[in-house]
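The structure appears below as structure tokens.
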Amino acid sequence: MSGDHRNTDFQVNPGSKTNDSHKHKDKHKDKEHRHKDHKKDKEREKAKHSNREGRDSEKKQRDKEKELKHSNGSSDKHRDKQKEKRRDEKVKSSHIDKPKRENENGYASPPHIKSEPDDNGFDPSPKHKPTKRERDDEEFDYKPKKVKKEDEKKAKKRRQDYDDEEEEEDIKPKKKTKVKKGMDGKKPKKEEEEKWKWWEEERATDGSKWRFLEHKGPVFALPYEPLPQHIRFYYDGKQMKLNPPAEEVATFFAKMLDHEYTTKDIFRKNFFKDWRKEMTPEEKSKISDLNKCNFNEMSEYFKAQSEAKKQMSKDEKLKIKEENERILQEYGFCIMDNHKERIGNFRIEPPGLFRGRGDHPKMGMLKRRIRPEDIIINCSKDSKHPKPPAGTRWKELRHDNKVTWLVSWTENIQGSIKYIMLNPSSRIKGEKDWQKYETARRLKKCVERLRAQYRDDWKSKEMRIRQRAVALYFIDKLALRAGNEKEEGETADTVGCCSLRVEHINLHPKMDDQEYVVEFDFLGKDSIRYYNKIPVEKRVFKNLQLFLENKQPEDDLFDRLNTSILNKHLQELMDGLTAKVFRTYNASITLQQQLNALTSPDDNLPAKILSYNRANRAVAVLCNHQRAPPKTFEKSMQNLQTKIDDKQKQLATARKQLKTAKADHKASHDDKSKKMVEMKRKAVQRIEEQLMKLQMQATDREENKQIALGTSKLNYLDPRISVAWCKKWDISIEKIYNKTQREKFAWAIDMAEDDFEF
DNA sequence: AGCATGACTTAGAAGTCCATCT
DNA sequence: AGATGGACTTCTAAGTCATGCT
């Protein structure tokens with residue numbers, strides 16, 4: 001996989017793309033296309049079941065095709081009804097052979113008091129009757145080969161259950177458990193009790209996420225400080241003093257003056273509308289045109305402020321740092337089930353102007369200030385409850401241990417809920433992350449079966465099944481996202497697999513030397529463009545042509561499919577399977593394969609690292625993780641090239657000197673000249689290495705120009721693959737993961753051995 | 001039974017820090 | 001010592017997906 005196919009175009013300039021034409025096509029009232037007779041469907045369904053085993057002959061196939069096509073012509077009112085009915089049917093039938101889900105997520109054993117290590121920590125045997133979804137608990141088939149003092153046969157049994165392969169049990173002394181705590185300086189507290197290994201403990205099986213939770217509540221944004229008198233605002237050339245509320249909102253705009261956002265019509269319109277709401281009647285009557293507003297003094301003032309901040313003395317900077325540290329210590333941690341855990345985002349989002357991505361209809365709107373009265377606190381009943389700031393009160397205090405958040409509030413732009421949750425290094429996030437990769441590994445075990453199945457479904461008599469099968473093929477092959485439907489007009493117009501529209505693909509029966517090429521061009525999450533041309537199998541191609549019949553560009557490609565239908569189907573195929581598991585699976589398996597393919601044992605460290613990055617890059621390309629090329633890219637590339645050139649000159653010189661030395665030695669044969677030769681030889685070697693390292697760096701950087709590796713590394717690649725790779729090649733983990741990443745993946749670093757296989 | 005909503009994961013950009021070079 | 005630029009951290013938007021409600 002060479003990533004060749006990806007176009008490198010970037011985030012579409014919001015506003016520049018002409019995609020307005022189809023906004024809001026009403027997908028339900030779309031004119032004719034597609035309809036199938038319900039009865040027919042039923043019959044076919046029956047027929048299908050009865051002769052499922054009989055291989056379709058080519059002819060049958062062709063007939064089916066015709067039939068399908070034929071049925072497309074009827075009215076769509078019908079179609080929608082049919083769709084609904086079909087959905088019903090589907091739901092009904094979906095109960096037939098649902099895999100049993102077993103145990104829950106409850107705490108089988110209390111995690112407090114550092115318990116003895118339990119190797120995989122997930123007891124497959126339900127201790128209580130299952131309630132709702134519980135899959136996955138059992139899938140942690142991690143087999144600790146070297147765990148400290150193994151005991152429990154329970155663990156062993158469990159291992160047996162889930163791990164058909166190897167059964168080794170060498171009891172190795174537990175390795176590096178304790179983490180230097182004196183080392184991180186601060187934190188005299190001796191808790192942190194040498195890094196809690198939650199992954200060696202059992203998980204809850206009752207759906208509760210914790211049993212005890214105590215925290216200090218959120219940190220609110222600083223109150224607004226009015227501008228000094230000499231910073232003025234001008235309207236239509238005349239100075240005008242704004243009242244604090246309007247002034248504050250004006251400063252939000254002023255601070256963004258250098259940003260492209262402020263040049264966009266929608267942004268300006270939304271901002272102005274919301275700004276006016278903050279104005280007094282007098283202000284409102286005067287200020288009627290944003291173009292007549294002059295925020296320059298404010299803008300200059302803020303620039304000066306940040307400049308001044310940079311120029312602060314060391315002492316002052318230190319003081320600020322200390323104060324931040326104090327706040328972090330006070331609010332940045334919570335106690336969850338006897339362990340002190342780091343909170344992810346303990347600061348409430350400050351007010352400001354909404355910065356949506358891509359062509360967002362709400363960009364520029366005012367994100368209002370969050371007050372204690374907006375806040376819901378979640379904690380244990382028996383904990384010390386966080387106190388609201390003096391004279392205020394929380395909106396609500398609740399004690400819900402079925403959720404993981406500590407604080408929440410409703411945001412005013414989309415009306416969605418925002419949360420304060422724990423850091424990725426926390427048990428609660430780590431367990432989930434681990435579980436995610438285990439689900440992906442289960443998919444690995446049955447993916448070939450599923451592939452065979454969807455290929456087969458390409459021939460189905462039912463349109464909805466074919467659509468489902470083709471969509472799944474895209475999700476699998478191209479790592480597309482599921483593609484939920486979105487409320488129109490509320491967000492940027494972006495799509496995923498199920499929400500692809502006719503206008504997003506182009507079919508090329510022949511293209512260059514390839515057949516059946518599908519060209520994708522659409523905006524995905526975060527309005528990142530996905531552009532790709534790929535050859536597909538003939539059957540897929542024919543199906544796509546069928547799906548496109550009688551449709552307008554703005555119609556849904558998969559009009560009989562949505563994420564809910566798809567996921568329900570997947571759930572039936574494998575417990576816990578959803579569309580996004582394919583992304584995780586394909587990303588991780590790609591990393592593993594690429595590492596195997598690219599790492600040569602003889603390579604030196606930089607070369608190995610380059611291989612790793614290339615493997616990582618292959619995944620990033622697959623997942624379409626892009627970034628805007630850094631503004632300083634060209635320049636930094638040039639700098640690097642200069643360094644390389646210099647190094648090359650240096651090398652030439654060194655070589656020349658070596659040659660001279662050799663000649664000298666040949667002539668004199670004395671000890672001194674021999675030493676000289678050695679010295680020069682070493683010098684050459686050293687410089688060669690340095691040069692190579694620089695060249696690797698350059699290659700790496702160039703290839704990385706607009707590819708973002710971080711997202712896949714953090715969210716899609718089973719960390720145990722990387723850990724194993726490091727161990728196998730004796731590369732220190734620090735070369736691959738920085739400190740934060742090591743904290744997040746502590747579980748993997750601790751448990752994966754060099755022979756881990758995804 | 002469809003839809004809205006809540007909870008949680010994934011995402012790129014912006015902001016900050018810090019090492020290295022000049 | 002100050003500037004520079006890249007690495008790391010923070011921020012918060014934008015997805016996914018299951019659920020609970022009507």
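Quick note on labels: first sequence line is chain A, next is B, and so on, each numbered from 1. Excluded from the calculations below are hydrogen atoms, water molecules and symmetry mates; all remaining heavy atoms, backbone and side chain alike, are included.
- Residue A/I609 contributes atom CD1, which lies 13 Å from atom P of C/dA7 at whole-angstrom precision.
- Here A/K209 reaches the OP1 or OP2 of B/dC8: one of its side-chain N or O atoms lies under 4.0 Å away.
- The distance between atom CH2 of A/W405 and atom P of B/dT9, rounded to the nearest whole Å, is 15 Å.
- Remark: P of B/dT10 and CG of A/L717 are 11 Å apart, rounded to the nearest angstrom.
- A/K744 contributes a side-chain N or O that, together with a main-chain N or O of A/L714, makes up a donor-acceptor pair within less than 3.5 Å.
- Take the nearest nucleotide of DNA chain B for A/D433 and for A/S408: the residue whose nucleotide is more 5' is A/S408.
- Here A/F745 and A/Y737 bring their ring centres to under 6.0 angstrom of each other.
- Each of A/L714 and A/N324 was matched to the nucleotide of DNA chain B holding its nearest heavy atom; the match closer to the 5' end belongs to A/L714.
- The two residues A/R617 and A/L709 have their closest heavy-atom pair at CA-CD2, 3.6 Å.
- Contact annotation: A/N423 side-chain N/O to C/dT10 OP1/OP2 distance is not under 4.0 Å.
- Checked against the 6.0 Å centroid threshold, A/H360 and A/F354 count as a close aromatic pair.
- Proximity of a side-chain donor or acceptor of A/K486 to a complementary backbone N or O of A/A492 within less than 3.5 Å is detected.
- Between A/R398 atom CZ and B/dA7 atom C1' the separation is 12 Å, expressed in whole Å.
- At the phosphate of C/dG6, neither OP1 nor OP2 sits under 4.0 Å from any side-chain N or O atom of A/R627.
- Straight-line distance from the CG atom of A/L480 to the C1' atom of B/dT10: 16 Å, rounded to whole Å.
- Relative to the side chain of A/K436, the nucleotides B/dC8, B/dA11, B/dT10 differ in distance, and B/dT10 lies closest.
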I'd like a table of atom pairs between the protein and nucleotides 12-16 of chain C - only N or O on both sides, under 3.5 Å - with the distance next to each one.
from	atom 1	to	atom 2	distance (Å)
C/dA13	OP1	A/K367	NZ	3.1
C/dA13	OP2	A/K418	NZ	2.4
C/dA14	OP1	A/R357	N	2.7
C/dA14	OP1	A/H360	ND1	3.2
C/dA14	O4'	A/D526	OD1	3.4
C/dG15	OP1	A/T494	OG1	2.8
C/dG15	OP1	A/D526	N	3.1
C/dG15	OP2	A/K486	NZ	2.9
C/dT16	OP1	A/A482	N	3.3
C/dT16	OP1	A/G483	N	2.7
C/dT16	OP2	A/N484	N	3.0
C/dT16	OP2	A/N484	ND2	3.0

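- Between A/D400 atom CG and B/dC8 atom P there is a gap of 9 Å when expressed in whole angstrom units.
- Within a 6.0 Å radius of NZ in A/K309, other residues, nucleotides and ligands contribute 12 heavy atoms or fewer.
- OP1 or OP2 of B/dT9 has not a single side-chain nitrogen or oxygen of A/Y419 nearer than 4.0 Å.
- Here A/H625 does not reach the OP1 or OP2 of B/dT10: none of its side-chain N or O atoms lies under 4.0 Å away.
- Among the protein residues, A/K310 comes within range of no part of the nucleic acid, since none of its heavy atoms lies under 4.0 Å from any strand.
- Using a 4.0 Å heavy-atom cutoff across all strands shown, A/S416 reaches no nucleic acid atom at all.
- A/K264 forms a cation-pi arrangement with A/Y261, by the criterion of a distance under 6.0 Å to the ring centre and an angle within 45° of the ring axis.
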